[in-house]
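Once you've had a glance at the structure underneath, I'll fire off some questions.
From a predicted model like this one, the values you see are computed outputs, not experimental measurements. Order of the sequence lines fixes the chain letters, A, B, ..., with proteins taken first and strands second; residue numbering starts at 1 for each chain.
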Amino acid sequence: MNAAAIETRRSEALDNFHTRGMPHRRFEHWRYSDLRAILDAGQVAQSGTAKWQVESVPDGVELFDLAAPAEQAPEWVVRYLGTVGNRPTMKEASLAFADGGVALRVTRGRKSAAPMRLQISSTGNVRLLLVLEDDASLTLMETHASDAGLLRNVGVEIVLGSGASLSHVRLAPSAPKSITVEHIGVTEARGACYRAHFANFGSRLSRTELHILLQDVGAEAHLSGVMVLGGEGHADVTSHIEHVSGGTRSTQLFKKVAGGKSRAVYQGKITVREGANGSDSWQTAKALLVGDRAEADLKPELIIFADDVKCAHGAAVGDLDPESLFYLRSRGIPEREARRLLVRAFLEEAVEPIEDGGLRAAVWREVEEALSRAMVIVR
Amino acid sequence: MSMLEIKNLHVTVGGKEILKGLTLRVAAGEVHAIMGPNGSGKSTLSYALAGREDYQITQGGISYRSANLAAMSPEERAAKGVFLAMQYPVEIPGVTTLNFLKTALNAQRRARGESELDAMSVLKLVRQKAGTLQVSEEMLKRALNVGFSGGEKKRLEILQMAVFEPVLAILDETDSGLDIDALKLVADGVNALRAPHRAMLVITHYQRLLDYIVPDRVHVLAGGRIVAEGGKELAHELEAKGYAHFAKEPA
Ligand SMILES: Nc1ncnc2c1ncn2[C@@H]1O[C@H](COP(=O)(O)OP(=O)(O)OP(=O)(O)O)[C@@H](O)[C@H]1O
Ligand SMILES: [Mg+2]
């Protein structure tokens, strides 16, 4: 395989993008996020390339700048770039149109304890490739600047070798005027583990889409996330986890708070493929509506082709419990503070899974700020 | 003027009139007991006093220390010293008991223009009160009322009363579900708060509690009104004869 392979994949991606056209609400999985209504293919093609920045590269982590000529790409970049996970339209666009991005590799057995920070900023398409070799581990904090302009479209590929372990926290602050799309493809070998948290605070249209392949025995994926939306904010997390092999495990816990006229979306599809016997999965999504005109669409979905499979799912949209609210107020806690307390309590369970204390605190800070916007009481 | 004056109170819940002209006066320094059959409106009265929004006052009024209580929000009432120990305390996952106590105490203090207490001072205060009520450190760390037994919930209500030191305490069947020892603990807690500037309204089904918390007056609530009142001996009479005898008599 050589550099030409990358060019081939890029031109395929371009073809796919043009053939399929912009996703819109009649596409099954874009029902609640009508991208075509606010963006056309030309705008995607001409949006430029978004920027990335890595604060410091830890020992044992190799970095390749995808803006460099393809001939300079190391073997692992050539092997994986453009191949991980399925190839949805907007992900193809990021491959076809991005003039850059970053590829990172953690070499075999290297364990990087301190979180590595990756910041995405500016407008346009950008690509990310993350390869963890066997038994390597890494904590990645992916933060987004709110200067996304018209569109930021990120294509992420993650390859986890056997026994590799990645903790991924994605924090996207509110960008009310922008369209922000991110596709994350993950493939996991035997005994690999992907833990990810998605904190979304709303864009004009925000779509985070995951496709995770649990390829081999013992592979695990644990997703959690919070959304706090206000104004006319929108955020959509759509996941598809495929249990390809038996003895694989996945869990998902998403909590959403929607105020104002915002819209919170979760679609979680789990496929247990033929032969993936003894797989175990559960997913829960809960939304709290704190605005009269806010909306939440929660859609868990299970497709099972195997035996002896444990799957559980649930979804619930609700209001703050009036009895709890009265109890707190009758103890002297003012209504506004009591509501905040209850909302925080609601979200807690979904923030807790973030293992790194510093990252957890960073997410809470954003949550607090977003709550002030989301919980404006209109009377 | 009495501390609490309830005049001809009519309260509607879910479109149904529950209190139908209830009149009651409680002077500072006094403890009054309210007894009455199931569904007669005792809890409704307690919620109306604490300010639950879905309990609509359609006629009559409540004055508390010469102010119109009905016009105040629940939090305002709490800051002004009204405390209701609920018949069914609410479970609140995700909020630890200790953090709740601190938040509530400081919110009340803030509303009264007093300085807030730091975490250490609150902890000290709570620990001291919790000790006498046998509320364990472990319970304080757990989410508020979540998974607490019936009796533990009641003890926690009384712990709150001890921490907030209210002016008017309303105890709605705090004795139900308590074992004998806990009943004595709770009664001691209540008696410790008896003071010339405080008043208490104790709702109960059982004479037994009133052996420990001796009331100045006993009222019988039936069909949404007070139908009889008297001294502490009235409780004994009720125990002997039941409510049927009183229900028809006007107050
Ligand atoms: N939301 C509601 N809608 C309609 N009726 C209600 C509602 N809440 C309470 N009630 C009714 O009001 C009446 C009085 O209830 P309340 O709880 O005040 O009785 P109580 O005297 O405290 O009874 P108990 O001794 O069983 O505690 C009952 O008949 C009850 O069913
Ligand atoms: Mg009752």
I need the minimum non-hydrogen distance between B:N145 and B:V90, along with the two atoms involved. ND2-O, 2.9 Å

Tell me whether A:E366 contacts the main-chain N or O of A:L171 through its side chain, where contact means a donor paired with an acceptor under 3.5 Å. no

Please flag which part of A:L347 lies under 4.5 Å from any non-hydrogen atom of chain B: side chain, backbone, both or neither. neither

Against chain A, work out which of B:E76, B:M86, B:K80 has the most heavy-atom pairs shorter than 4.5 Å and name it. B:M86

Chain A: which of B:A78, B:G94, B:A107, B:P74 shares the most heavy-atom pairs with it under 4.5 Å? B:P74

Is a side-chain N or O of B:R142 found less than 3.5 angstrom from the main chain of B:G147, in a donor-acceptor match? yes

Strictly by modelled atom types, are A:T208 and A:E182 linked by a side-chain donor-acceptor pair under 3.5 Å? no

Please classify the contact of A:E337 with chain B as side chain, backbone, both or neither, using a heavy-atom distance under 4.5 Å. side chain

Give a yes or no on whether a salt bridge exists between B:K153 and B:E91, defined as a side-chain N under 4.0 angstrom from a carboxylate O. yes

Counting only heavy atoms closer than 4.5 Å, note whether B:P89 contacts chain A via side chain, backbone, both or neither. both

Given A:A338, A:P322, A:S324, the one with more heavy-atom pairs under 4.5 angstrom with chain B than any other is A:S324

Below 4.5 Å from any heavy atom of chain B, which atoms of A:E323 appear? Answer side chain, backbone, both or neither. both

Side chain B:E75, main chain A:E335, donor-acceptor under 3.5 Å: yes

Proximal component of B:A111, with respect to chain A [non-hydrogen, under 4.5 Å]: neither

Shortest non-hydrogen contact from B:R109 to B:S115? NE-O, 2.7 Å

Using a cut-off of under 4.5 Å for heavy-atom pairs, which of B:V82, B:L84, B:N106 has the most such pairs with chain A? B:L84

Would A:E295 and A:Y32 count as having a side-chain donor-acceptor pair, cut-off 3.5 Å? no

Contacting region of B:L144 [heavy-atom separation from chain A under 4.5 Å]: side chain

Tell me, side chain or backbone of B:R77 under 4.5 Å from chain A's heavy atoms, or both, or neither? neither

